[in-house]
Peer 1: 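Structure provided below as structure tokens; questions to follow.
Both counts, for ligands and for their atoms, begin at 1 and track the order of listing. As the structure is a computational prediction, the values presented were derived from the model and not from experiment.
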Amino acid sequence: MIVTVLGAQLGDEGKGNVIDLYGEPADVVVRYQGGDNHGHTVVVDGEEYEASQLPAGVARGAVSVIGNGCVVNLETLFDEIDSLQEQGLDPTVRVAKRAHVVLPYHRILDGATKDDDDVGTTGRGIGPTYGDKAARCGIRVGDLLDPETLRDRLEYAVPKNRATVEGFFGEETDEAFDVDRLFEIYREYGERLVEEGMPVDCGSYLQEHIDEGNEVMLQGAQGSALDMDYGTYPNVTSSNTSAGGACTGSGLSPSAIGKGEIIGVVKTYITRGANGRMPTELVGEGELASYIRDRGNEYVPKYTRDEGDEYGTIAGDPRRIGWLDMPMLRHADRVNGFTGIVVGHIDVLAGLDEIQVGHSYQIDGNETKTVPAANSEWDSCTVNYRQFEGWPDVDWSDVAQEGYEAIPENARTYLEYIETELDTPIYAVSVGPAREDTIILESPHE
Ligand code: IMP
């Protein structure tokens, strides 16, 4: 069975918990897109493990695979593996030979473009690495395994990127653009990859596991509304976060993935770490936004920029907060074909008298139930809200133990509204941050 889990909104929906929860039977956990612009903490037996390049599941003993749709920062990858080993774990990690490598100059380019756009990236070089991939001057994991190929690729790619930084951005370049230095560093990374048996042809490798009857979990990073094609372009990440990306980013076929489950993780409100469309944002409702933000502990995005990074303006800023956006969710449901959803953060909205939901948009006088495809349509978009009665703050651990019927009635009405609008069943509801705070209604593995 293949189970795909991905965020249905703007990232930070609580995917880590869901992967943790449903990941138990998984023999293999695969990241299919993104790089170290994503972060999650995995708690196993009270021990916390941090991972941004590795998939969740790494601490539980599942084989961890970085798929070919990912961009790999090898420094981060090896740091994470080393620190897991220091904590007494022995992770099995495989990296797709077709995955692209984030080089030091990609981070510089991510910073250099900062003045030029308002995307508010994580500064991890993600966009420039995917940019090189599309422009066919990227360097792949497989290129590191043969010194001659590596040198050839660097000699082709580095001058192009140097010319952009010097010519277009008018900045001086440093050792990050030194071909000889990069060659030595990345040749050594290649050697370590081989010594540890990590490079694989991802799709074939996963197929072998599937043929042996192993459970495979595909893990999305960021969220569907940050998808490069279906998200709020240009304020998106540079990869396909949606279920289509799970195919191209893992090497498994759409029919193989489609036979399994595709689970969307939904938060009862939305947050955004940076700029971009957000029609249901709580603008001018500071107190309300603070109430939700404080209870949801939404102050610091999970990713943080490097210390001393002059472009670092995001880390530590409160995330923007908005009411649940149903057009965004309907769009995600259609694009991804969710077989089930997990809804979390019910407890965060508790205590409010009234809860609003962006039920539909009004664009040029017409009601629309999904998101527009053109920026000019977004510009004229207003929101038609629906009101729901609030629910009380209760002992959520008791609720989690007692089950779905113990969820306050008004909260159940809210949940059932989401389920009906999407025509997709709720597989689980989480009422708190801990693993045991999730009420499971259906397991995708059964
Ligand atoms: P990039 O992925 O660093 O290129 O950033 C592009 C956009 O994606 C920015 O708006 C980031 O705030 C957003 N983003 C990237 N990673 C995450 C994440 O893990 N959670 C939420 N937003 C993210």
Peer 1: Less than 3.5 Å apart, which donor and acceptor atoms pair up between the side chains of residues 158-165 and the rest of the protein, not counting sequence neighbours?
Peer 2:
{"unit_1": "K160", "atom_1": "NZ", "unit_2": "Y156", "atom_2": "OH", "d": "3.4"}
{"unit_1": "N161", "atom_1": "ND2", "unit_2": "D132", "atom_2": "OD2", "d": "3.0"}
{"unit_1": "N161", "atom_1": "ND2", "unit_2": "A157", "atom_2": "O", "d": "3.1"}
{"unit_1": "R162", "atom_1": "NH2", "unit_2": "F177", "atom_2": "O", "d": "3.0"}
{"unit_1": "T164", "atom_1": "OG1", "unit_2": "K160", "atom_2": "O", "d": "3.0"}

Peer 1: Would you mind checking if D325 and R330 are paired as a salt bridge, meaning a charged N to carboxylate O distance below 4.0 Å?
Peer 2: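 Salt bridge flag = no for D325 with R330.
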Peer 1: Could you tell me which atoms of ligand 1, counted from 1 in the order shown, lie closer than 4.0 angstrom to a heavy atom of A274?
Peer 2: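 Reading through ligand 1 atom by atom, the close ones are 10 (O), 12 (O).
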Peer 1: Is there a heavy atom in N235 that sits closer than 4.0 Å to ligand 1?
Peer 2: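 Contact absent.
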Peer 1: Determine whether the side chain, the backbone, both or neither of T121 has a heavy atom under 4.0 Å from any heavy atom of ligand 1.
Peer 2: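 Looking at T121 and ligand 1, atoms from backbone and side chain both fall under 4.0 Å.
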Peer 1: Is D201 salt-bridged to R98, going by a charged N under 4.0 Å from an acidic O?
Peer 2: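 Yes, charged N to carboxylate O under 4.0 Å.
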Peer 1: Taking only non-hydrogen atoms of A221, do any sit less than 4.0 angstrom from ligand 1?
Peer 2: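 The answer is no: ligand 1 sits nowhere under 4.0 Å from a heavy atom of A221.
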Peer 1: Ring centres of H100 and Y130 under 6.0 Å apart?
Peer 2: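 Here the rings of Y130 and H100 have centres that are no less than 6.0 Å from each other.
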Peer 1: Does a salt bridge link R107 with D36, judged by any charged N lying under 4.0 Å from a carboxylate O?
Peer 2: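 Salt bridge flag = yes for D36 with R107.
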Peer 1: Is the closest N or O pair between V119 and ligand 1 shorter than 3.5 Å?
Peer 2: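 Checking ligand 1 against V119, an N or O pair does fall under 3.5 Å apart.
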Peer 1: I'd like to know whether ligand 1 has L10 as a neighbour, heavy-atom separation below 4.0 Å.
Peer 2: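 It does, in that a heavy atom of L10 comes within the 4.0 Å cut-off of ligand 1.
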Peer 1: For the 3.5 Å polar cut-off, considering only N or O atoms, please tell me whether D12 and ligand 1 meet it.
Peer 2: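 Yes, there is a polar N/O contact under 3.5 Å.
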Peer 1: Do any N/O atoms on S238 end up under 3.5 angstrom from N/O atoms on ligand 1?
Peer 2: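 Among all N and O atoms of S238, none is under 3.5 Å from an N or O of ligand 1.
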Peer 1: By number and element, which atoms of ligand 1 are closer than 4.0 Å to a non-hydrogen atom of V236?
Peer 2: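 Contacts of ligand 1 toward V236, numbered from 1: 6 (C), 7 (C).
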Peer 1: List the atom pairs, donor and acceptor, that lie under 3.5 Å between side-chain atoms in residues 221-236 and the rest of the protein, sequence neighbours left out.
Peer 2:
{"unit_1": "Q222", "atom_1": "OE1", "unit_2": "Q33", "atom_2": "NE2", "d": "3.2"}
{"unit_1": "Q222", "atom_1": "NE2", "unit_2": "N37", "atom_2": "OD1", "d": "3.3"}
{"unit_1": "S224", "atom_1": "OG", "unit_2": "N336", "atom_2": "ND2", "d": "2.9"}
{"unit_1": "D227", "atom_1": "OD1", "unit_2": "D229", "atom_2": "N", "d": "2.7"}
{"unit_1": "D227", "atom_1": "OD1", "unit_2": "Y230", "atom_2": "N", "d": "2.9"}
{"unit_1": "D227", "atom_1": "OD1", "unit_2": "N240", "atom_2": "ND2", "d": "2.9"}
{"unit_1": "D227", "atom_1": "OD2", "unit_2": "N240", "atom_2": "ND2", "d": "3.3"}
{"unit_1": "D227", "atom_1": "OD2", "unit_2": "T241", "atom_2": "N", "d": "3.0"}
{"unit_1": "D227", "atom_1": "OD2", "unit_2": "S242", "atom_2": "N", "d": "3.1"}
{"unit_1": "D227", "atom_1": "OD2", "unit_2": "S242", "atom_2": "OG", "d": "2.7"}
{"unit_1": "D229", "atom_1": "OD2", "unit_2": "N240", "atom_2": "ND2", "d": "3.0"}
{"unit_1": "T232", "atom_1": "OG1", "unit_2": "N235", "atom_2": "O", "d": "3.2"}
{"unit_1": "T232", "atom_1": "OG1", "unit_2": "R272", "atom_2": "NH1", "d": "3.2"}
{"unit_1": "T232", "atom_1": "OG1", "unit_2": "R272", "atom_2": "NH2", "d": "3.0"}
{"unit_1": "N235", "atom_1": "ND2", "unit_2": "D118", "atom_2": "O", "d": "3.4"}
{"unit_1": "N235", "atom_1": "ND2", "unit_2": "N275", "atom_2": "O", "d": "3.3"}

Peer 1: Has ligand 1 got any nitrogen or oxygen that is less than 3.5 angstrom from a nitrogen or oxygen of T237?
Peer 2: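 By distance alone, the answer is yes.
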Peer 1: Evaluate T122 for polar contact with ligand 1, using N/O atom pairs at a separation under 3.5 Å.
Peer 2: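 Yes, at least one N or O pair falls under 3.5 Å.
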Peer 1: Charged N to carboxylate O under 4.0 angstrom, R181 versus E175?
Peer 2: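 So R181 pairs with E175 through a salt bridge.
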Peer 1: For T121 and D110, which I'm curious about, is there any donor-acceptor pair between the side chains at under 3.5 Å?
Peer 2: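 D110 and T121 do have a side-chain donor-acceptor pair below 3.5 Å.
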Peer 1: Give a yes/no on ligand 1: does R124 have at least one heavy atom closer than 4.0 angstrom to it?
Peer 2: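 False for this residue.
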